[in-house]
Visitor: 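Here it is, the structure in full.
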Amino acid sequence: MAVSESATLDLVFKALDSFRIEIPSWGFANTGTRFGKFTQAAAATSIEEKFADGAEVNRLTGVTPTLALHVLWDLPNGVKDVPVVQALEKKFGIRSGSINPNLFQDQEYKYGSLCNPSEPIRERALKHMLDSIEIGKALGSRDISLWVADGSNYPGTQSIRKRIGWLEEALRISHEHLAPNQRILVEYKPFEPAFYHTDVADWGMSYHFAQYAGPQARVLVDTGHHYTSQNIEQIVAWLMHTGMLGGFHFNDRRYADDDLTLGSIDPYQIFRIFHEIHAATADGLKLDIAYMIDQSHNLKGKMEAMVQTVVTAQELYLKAALVDREKLAEYQQSCDLVAAEQLFRGAFWQDVRPLAAAWREARGLPADPLAALRSSDYVERTSNERRSRNTAVSSYA
Ligand code: RM4
Ligand code: MN
Ligand code: MN
């Protein structure tokens with residue numbers, strides 16, 4: 001093997017060994033659009049089945065050792081459900097990942113949760129935050145991943161500024177309850193379910209709230225939560241520069257929060273984000289980034305979509321790791337635009353699939369996890385087991 005080839009393999013192994021990505025429990029359950037749900041026979045109908053599916057994705061890919069949990073969907077009895085989850089961790093060999101408070105589906109939250117004008121409702125929402133933090137502590141999970149669905153639909157109907165103050169206060173109190181290893185990640189989203197204003201609409205607002213909360217709070221970037229053609233890698237660069245990048249919710253989008261599978265519309269964008277991260281790491285920035293998938297698949301098979309996503313994430317992470325950053329820095333310095341762009345895009349165009357397969361084989365994993373899933377009987381078996389429980393269809397009206 002030529003020296004440069006073995007140097008490349010070294011780089012590939014280092015990059016893939018260091019990459020882990022969290023999968024969401026809700027990616028395995030029946031979901032849909034606001035017009036209806038389309039059920040799948042193999043969809044997980046319980047927390048146990050979500051753990052089983054998550055463990056199978058980890059068995060096939062080797063890089064998804066944690067499962068993100070949504071409190072009301074997965075721990076409907078709050079902290080009391082922790083032993084159930086711990087038993088499943090043991091049984092299936094994967095751990096609980098980020099804890100996602102659920103502040104959007106209770107009737108009380110019609111006009112908001114932590115930003116609701118009613119003090120008792122805000123207190124109820126805060127209590128849910130504190131319960132979520134306790135769940136995180138009990139499960140030994142680090143991140144509380146907070147998405148606040150609050151906002152308003154009609155101009156003049158809410159005090160935007162009062163609501164900022166209420167959220168600041170809730171985050172400050174929540175932060176006081178964190179264990180030393182815990183973090184709060186503040187997610188932003190420009191619209192939906194509120195369409196006139198959302199209380200945490202963009203990264204600047206998340207940044208402010210995270211800073212206000214305290215030193216263990218960071219910003220969470222959900223790639224689906226941006227307006228069309230927004231430069232997400234620039235946001236990522238800013239958050240790394242200021243030490244405020246906490247993690248990602250990965251998915252792809254054509255319009256907004258479509259939750260399409262990662263890289264299905266614009267793989268180059270994810271490559272560009274990973275490039276910023278590799279470059280910052282090489283420049284010595286201390287980063288602690290939680291890579292998480294936030295997708296719900298209602299057209300593709302859930303297991304297939306998840307495995308496809310994990311493999312795509314690895315490939316894009318790897319392509320970005322292979323950018324010759326020293327050369328690129330020279331071209332950037334001398335403003336040789338064409339050379340810089342050719343080098344950058346050249347890394348994106350490389351077919352890294354054989355390299356990823358070589359890494360998997362060396363690590364005792366299936367060389368092609370998606371093919372391995374398709375040739376296994378996992379989906380057929382779980383379809384047969386779960387079919388009778390997957391018949392309920394809910395409608396929009
Ligand atoms: C939101 C947001 C949150 C996710 C919910 C289900 O749009 O992305 O992270 O928990 O969807
Ligand atoms: Mn999200
Ligand atoms: Mn979303």
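Here the structure is a predicted model, which is why all the values come from computation and not from measurement. Both ligands and their constituent atoms are indexed starting at 1 by order of listing. Below, each value reflects all heavy atoms present in this structure, side chains not excepted, and no hydrogens, waters or symmetry copies.
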Visitor: Would His249 count as a contact for the Mn ion (ligand 2), in the sense that one of its N, O or S atoms lies under 2.8 Å from it?
Guide: yes
Visitor: Take the angle between the ring planes of Trp147 and Phe104 and call it parallel below 30°, perpendicular above 60°, tilted in between.
Guide: tilted
Visitor: In Asp294, what N, O or S atom is nearest to the Mn ion (ligand 2), if we give its atom name?
Guide: OD2
Visitor: Relative to each other, are the rings of His275 and Phe271 parallel, tilted or perpendicular (30° and 60° limits)?
Guide: parallel
Visitor: Look at atom 2 (C) of ligand 1 and say which protein heavy atom is nearest, naming residue and atom and giving the distance to 0.1 Å.
Guide: Glu187 OE2, 3.3 Å
Visitor: Give the atom name of whichever N/O/S atom in Asp222 sits closest to the Mn ion (ligand 2).
Guide: OD2
Visitor: What is the nearest protein non-hydrogen atom to atom 4 (C) of ligand 1, stated with its residue, atom name and distance?
Guide: Asp294 OD2, 3.4 Å
Visitor: Which value, rounded to 10°, describes the NE2(His225)-the Mn ion (ligand 3)-OD2(Asp257) angle?
Guide: 100°
Visitor: Identify whether the distance between the nearest side-chain nitrogen and carboxylate oxygen of Asp257 and Lys189 falls below 4.0 Å.
Guide: yes
Visitor: Judged on heavy-atom distance to atom 10 (O) of ligand 1, which of His249, Gln105, His70, His225 sits nearest?
Guide: His70
Visitor: I'd like the atom name of the N/O/S atom in Glu187 lying closest to the Mn ion (ligand 2).
Guide: OE2
Visitor: Would a hydrophobic clustering, with Ile, Leu, Val, Met, Phe, Trp and Tyr connected at side-chain separations under 4.5 Å, put Tyr212 with Met205?
Guide: no
Visitor: Any atoms of ligand 1 less than 4.0 Å from a non-hydrogen atom of Asp222? List them with their elements.
Guide: 8 (O)
Visitor: Test of understanding: clusters of I, L, V, M, F, W, Y form through side-chain heavy atoms closer than 4.5 Å, transitively. Do Leu316 and Trp349 belong to the same one?
Guide: yes
Visitor: Can you report which non-hydrogen protein atom sits closest to atom 5 (C) of ligand 1, along with the distance?
Guide: Trp147 CE3, 4.0 Å
Visitor: Which residue is it: Ile273, Asp222, Ile270? I am looking for the one with a side-chain contact (heavy atoms from CB on, under 4.5 Å) to Phe248.
Guide: Ile273
Visitor: Enumerate the atoms of ligand 1 whose separation from the nearest heavy atom of Lys189 is less than 4.0 angstrom.
Guide: 7 (O)
Visitor: Any idea which protein heavy atom is nearest atom 7 (O) of ligand 1, and the distance to it?
Guide: Asp257 OD2, 2.7 Å
Visitor: Answer with yes or no whether the hydrophobic clustering places Leu220 together with Ile277; edges join I, L, V, M, F, W, Y residues whose side-chain heavy atoms lie under 4.5 Å apart.
Guide: no
Visitor: Mind checking the OH-CG spacing from Tyr331 to Leu337? Nearest 0.5 Å is all I need.
Guide: 12.5 Å
Visitor: Counting only nitrogen or oxygen atoms and a 3.5 angstrom limit, does Trp26 reach ligand 1?
Guide: no
Visitor: Over 60° means perpendicular and under 30° means parallel, so tell me whether Tyr317 and Tyr291 are parallel, tilted or perpendicular.
Guide: perpendicular
